[in-house]
*Asks:* 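Once you've had a glance at the structure underneath, I'll fire off some questions.
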Amino acid sequence: MVGSLFGYRPLSVIPSLRSRSSQISCRFGSDGTAQVTPRDVVQHWQRMFEANGIPEARESSEYIVSFVLGAKTFQSFSAERLSGPVTDQQWREIQRLSTGRLKRMPVQYVIGEWDFGDMTLEMRPPVFIPRPETEELVKLIVGEFTCKQKSEELSHTQKQQALLPHCEGISRGILQCDCESLEVPHQTPVVLDIGCGSGAISLSLLQKIPQSRLISVDKGIAAVNLTWDNAVRLEFMDRIKVLHHNILTDPIEKFLPWAPVDAIVSNPPYVFEEDMQSLAPEILSYEDLDALCGGADGLMVIKAILLLTPQLLKDFGSVFLEVDPRHPEMVQKWLSTCPDLRLHLIAIHEDFCGKPRFLHLRKRKASTDSCD
Ligand SMILES: C[S@@+](CC[C@H](N)C(=O)[O-])C[C@H]1O[C@@H](n2cnc3c(N)ncnc32)[C@H](O)[C@@H]1O
């Protein structure tokens with residue numbers, strides 16, 4: 001879950017901003033007044049961040065300056081804009097935001113927004129900031145539904161000949177297609193997202209699977225509110241239900257009106273308790289630690305999710321999970337002790353660092369075995 005813009009260096013002492021601020025170099029405009037350009041400001045704050053041991057100093061400075069000047073990235077500025085002046089008001093705003101970064105606040109919270117896929121989401125502490133690897137999880141889920149939708153247009157024989165290679169093509173991990181499940185229509189899939197955080201997974205699925213409906217739940221009220229606000233911002237309110245719900249303690253009955261669902265997805269808290277202290281100060285000081293800590297073996301919430309499947313998931317429905325690289329083996333072992341769940345691990349996918357990161361499980365039909 002630890003993505004870019006998060007460093008691991010210990011918090012250093014922050015010297016006075018005033019003394020360093022006066023060191024900014026400036027040019028003079030035609031009227032003789034001092035002019036500070038975006039490039040000067042980026043360099044200034046980069047030096048400030050470096051001097052204070054702030055990780056990713058250059059990127060942090062560029063993001064903050066770009067945000068205040070109304071651009072996504074510093075690279076998108078024209079040469080003309082880069083040499084033009086920064087106004088007093090902009091300079092004060094950059095200074096205000098950069099002061100937050102000097103206190104190790106993640107840039108995503110400093111600027112109050114972040115991109116996930118091609119969507120811009122509002123970010124508010126302490127709601128978990130979506131990590132880039134989770135975009136891979138979304139791609140796998142979208143691939144699964146695309147695969148199933150295409151299957152509806154083919155005969156069974158055609159499916160075996162044409163669809164299975166397609167399925168394999170969209171996976172980078174192990175994949176065994178469960179032929180029977182390809183019969184299940186998924187015209188308007190209902191997906192349950194457990195631990196929705198900012199809404200990153202839910203809203204991406206709504207965007208990429210146009211007929212889908214999402215039930216998004218989180219135990220944190222700040223997360224529930226942020227998911228809803230992001231849904232409003234992206235105009236997905238009609239297709240999403242956001243619920244404040246703790247799957248470890250609250251009764252399952254709340255979900256029954258929507259059950260059984262076609263898929264359950266989650267990027268749950270999965271960090272092993274003993275690894276929590278080695279997380280970056282940005283994470284430890286600002287993000288909700290309940291979004292990260294998965295208990296002693298990182299499996300506390302993962303097991304709770306899998307235990308919901310008998311009541312909430314359709315036969316042949318899928319579960320997609322983001323996990324720690326040690327988890328695929330542990331989950332497989334645990335599932336072998338729970339045959340009643342009828343869950344079958346069909347794929348382990350790697351993240352962009354080559355680590356086994358995503359699990360795809362499928363629920364077998366009660367009295368029959370799957371065909372693989
Ligand atoms: C790692 S974050 C993922 C957030 C978001 N899905 C994403 O990928 O950016 C895990 C989320 O699960 C929520 N969570 C943790 N334990 C939970 C529980 N028992 N029931 C419901 N949600 C839980 C946390 O509040 C947090 O928002």
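In what follows, every heavy atom counts, from backbone to side chain, and hydrogens, waters and symmetry copies are set aside. Counting starts at 1 for both ligands and their atoms, in listed order.
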*Asks:* Take atom NZ in K241; do more than 12 heavy atoms of anything else shown fall under 6.0 Å from it?
*Replies:*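 Open: at most 12 neighbouring heavy atoms sit under 6.0 Å from NZ of K241.
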*Asks:* Indicate yes or no: does an N/O atom of R131 lie under 3.5 Å from an N/O atom of ligand 1?
*Replies:*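 No.
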*Asks:* Below the 3.5 angstrom mark, is there an N/O of G195, backbone or side chain, next to an N/O of ligand 1?
*Replies:*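 Right, the criterion is met.
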*Asks:* In terms of hydrophobic clustering (I, L, V, M, F, W, Y; side-chain heavy atoms under 4.5 Å; direct or indirect links), are I94 and Y63 co-clustered?
*Replies:*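 I94 and Y63: one cluster.
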*Asks:* Below 4.0 Å from ligand 1: does a non-hydrogen atom of C196 turn up there or not?
*Replies:*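 Distance cut 4.0 Å: C196 passes for ligand 1.
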*Asks:* Crowded around Q75 CD? As in, over 12 foreign heavy atoms under 6.0 Å?
*Replies:*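 Yes, CD of Q75 has more than 12 neighbouring heavy atoms, counting only those of other groups under 6.0 Å.
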*Asks:* Would F128 count as a polar contact of ligand 1, with the cut-off being nitrogen or oxygen pairs under 3.5 Å?
*Replies:*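 No, F128 has no N/O under 3.5 Å of an N/O on ligand 1.
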*Asks:* Judged by non-hydrogen atoms, does N246 sit under 4.0 Å from ligand 1?
*Replies:*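 Checking ligand 1 against N246, which is what was asked, there is a heavy-atom contact under 4.0 Å.
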*Asks:* Closer than 4.0 angstrom: is that true for some heavy atom of E322 and an atom of ligand 1?
*Replies:*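 Outside the 4.0 Å threshold, so no.
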*Asks:* Do the rings of H327 and F272 sit parallel, tilted or perpendicular, given the 30° and 60° boundaries?
*Replies:*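 Ring orientation of H327 relative to F272: parallel.
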*Asks:* Distance under 4.0 Å to a non-hydrogen atom of L248: what atoms of ligand 1 satisfy this?
*Replies:*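 The list of qualifying atoms is 19 (N).
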*Asks:* Please determine if T134 has a nitrogen or oxygen closer than 3.5 Å to a nitrogen or oxygen of ligand 1.
*Replies:*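 So ligand 1 has no N or O lying under 3.5 Å from an N or O of T134.
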*Asks:* Please identify which atoms of ligand 1 are closer than 4.0 Å to at least one heavy atom of H245.
*Replies:*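 In order of number, 20 (N), 21 (C).
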*Asks:* Rounded to the nearest 0.5 Å, what separates atom CD in Q95 from atom OG1 in T99?
*Replies:*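 Output value for this atom pair is 5.5 Å.
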*Asks:* Looking at F236, is R233 sitting on its ring face, NZ or CZ under 6.0 Å from the six-membered ring centre and within 45 degrees of the normal?
*Replies:*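 Verdict for F236: no cation-pi partner in R233.
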*Asks:* Any atoms of ligand 1 less than 4.0 Å from a non-hydrogen atom of I247? List them with their elements.
*Replies:*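 The list of qualifying atoms is 18 (C), 19 (N), 20 (N), 21 (C).
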*Asks:* Should you measure from each heavy atom of P130, which atoms of ligand 1 turn up under 4.0 Å away?
*Replies:*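 Atoms satisfying the 4.0 Å criterion: 9 (O).
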*Asks:* Among R357, R131, K139, which residue meets the salt bridge (Lys or Arg N to Asp or Glu O under 4.0 Å) test with D351?
*Replies:*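 With D351 as partner, salt bridge (Lys or Arg N to Asp or Glu O under 4.0 Å) holds for just one option, R357.
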*Asks:* Considering only heavy atoms of G197, which atoms of ligand 1 have at least one such atom less than 4.0 Å away?
*Replies:*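 Those of ligand 1 that fall under 4.0 Å from G197 are 4 (C), 27 (O).
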*Asks:* How long is the span from the OG1 atom in T227 to the CG atom in L203, to the nearest 0.5 Å?
*Replies:*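 Reported value, rounded in 0.5 Å steps: 6.5 Å.
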*Asks:* Hey, which atoms in ligand 1 end up nearer than 4.0 Å to a heavy atom of D290?
*Replies:*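 Counting from 1, the qualifying ligand atoms are 15 (C).
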*Asks:* For ligand 1, which is the ligand I care about here, please tell me if N267 has any N or O atom under 3.5 Å from one of the ligand's N or O atoms.
*Replies:*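 Yes, at least one N or O pair falls under 3.5 Å.
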*Asks:* Would you call the rings of F49 and W45 parallel, tilted or perpendicular, taking 30° and 60° as the class edges?
*Replies:*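 Judged by the thresholds at 30° and 60°, the geometry between F49 and W45 is tilted.
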